[in-house]
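Sequential numbering from 1 along the given sequence is applied to the chain's residues. Start at 1 and go down the list; that is how both ligands and their atoms are numbered. Keep in mind that this is a model prediction, so the values were computed, not measured.
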Amino acid sequence: MLPSGPTLPGHVLVVGVDGVRFDVLAADSTPSVWALGQAGFLAPVPVDEATPTWSGPCWATIATGTGVAGHGITGNDLTGHRLAEHPDFVTLATRAGLSTLLAVSGWPPLALPEDGGPLFAEATRREFTAVPETGLAWDAARQASRAGLDAWDAADEATTAAAAAILAAEAPRVSFVYLGAVDFAGHATGSGAAYRAALRAADLRVGRLVAAVRSRPSGPEENWTIVVVTDHGHLDEGGHGGREPEVATAWAAAAGRGIRPGAQPLITRQEQVAPLVLAAAGWS
Ligand SMILES: [Zn+2]
């Protein structure tokens, strides 16, 4: 899973940005993600045929390293899951005694006991930023409103600020930071101007999280690996759930001491994220 050569136990930051199409990534539109790709790799990650292209099953596969047949999650209500048998990478790191951070914006079942959650069961530090009136926000009328976009943007901003402060001050060994505004924009407006504006904002936030890591005075010695990953894409008109290439093509970017620039991508399937994270952290 990891590249050849010595890899010391280290620190891992995973940023999950929900609903980002692979074909919108570019040096000018997403410079932070692009820079990680230049420093390591950026690769398409097809959602396999057995996995519905919804957030629940895709994030569950990314978090646990097992597919639907293992974790049992097929939709955005996680009820009936088998996460006890297939824990997420933050929980495994926490149970191994590593310091961990879970910072989630907006979507409760990732972090809270709602809708069958939490997907991420245990963490040393846990930050959740609610989107006000989340139920209303998913109402069709409200989805198209500026207020919904602004509310999700504010939640992502609060999550980023909290996570960046913790990363810079405490350097947890394994962190997962989730940003949801891009996916909301896709649902609300399709993959046009508002989607691309949300993507630009998310990329700037990725850049701030990377900067927080790199602000560590002992940065090189801490042996950081940074992963940015999405769960699925969006149709031109917005929405997901089918097998269209723009929906079923997710992606991952990663860079770190053990990843050579231009190396073969170490993540080409969603199941490969969790083992890479745990190995880079020194637990496997
Ligand atoms: Zn999603």
Side-chain angles (χ1 to χ4, degrees), residues 14-25 30 33 44-48 50-64 67-68 71 73-79 81 83 88 102-112 114-120 128-131 134 137-138 143 148-149 151-153 155-156 159 176-191 194-196 198-199 201-203 205-206 227-253 267 269-271 273-274:
V14 182
V15 186
V17 187
D18 202 301
V20 179
R21 288 170 57 142
F22 181 65
D23 64 357
V24 298
L25 301 177
T30 54
V33 170
V45 177
V47 180
D48 72 51
T51 304
T53 50
W54 292 102
S55 300
C58 290
W59 285 120
T61 299
I62 291 165
T64 66
V68 169
H71 58 64
I73 293 170
T74 57
N76 288 344
D77 187 321
L78 314 187
T79 303
H81 65 68
L83 295 171
D88 65 279
L102 176 69
V104 171
S105 169
W107 192 39
L110 290 179
L112 303 177
E114 297 182 22
D115 297 330
L119 175 55
F120 292 89
F128 178 77
T129 305
V131 173
T134 298
W138 287 100
Q143 274 192 13
L149 295 170
W152 273 90
D153 182 67
D156 277 11
T159 295
F176 180 70
V177 181
Y178 170 86
L179 304 177
V182 178
D183 185 62
F184 179 84
H187 283 287
T189 69
S191 57
Y195 181 80
R196 288 168 186 271
L199 177 63
D203 186 78
R205 289 175 177 132
V206 169
V227 180
V228 185
V229 60
T230 198
D231 53 342
H232 54 73
H234 263 276
L235 298 170
D236 288 345
E237 64 270 32
H240 50 90
R243 294 299 313 176
E244 301 84 355
E246 64 272 33
V247 172
T249 307
W251 53 268
I267 301 170
R269 297 186 298 117
Q270 292 183 313
E271 288 90 338
V273 176

A.B. asks: Of all N, O or S atoms in Asp18, identify the one at the shortest distance from the Zn ion (ligand 1).
C.D. replies: OD1
A.B. asks: If you measure from CG on Asp153 to OG on Ser105, what distance do you get to the nearest 0.5 Å?
C.D. replies: 9.0 Å
A.B. asks: Indicate yes or no: does Arg196 engage Asp203 in a salt bridge with an N to O separation below 4.0 Å.
C.D. replies: no
A.B. asks: If you check every N/O/S atom of His232, which is the one nearest the Zn ion (ligand 1)?
C.D. replies: NE2
A.B. asks: Can an N, O or S atom be found in Ser55 less than 2.8 Å away from the Zn ion (ligand 1)?
C.D. replies: yes
A.B. asks: According to salt bridge (charged side-chain N to carboxylate O under 4.0 Å, His left out), does anything in residues 233-244 pair up with another residue at least two apart or in another chain? List the pairs.
C.D. replies: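 Residue pairs with at least one partner in residues 233-244: Arg21-Asp236, Glu49-Arg243.
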A.B. asks: Apply side-chain contact (heavy atoms from CB on, under 4.5 Å) to Pro44 and list each qualifying residue two or more places apart in sequence or on a separate chain.
C.D. replies: Phe22, Thr249
A.B. asks: Asp231: which N/O/S atom is nearest the Zn ion (ligand 1)?
C.D. replies: OD2
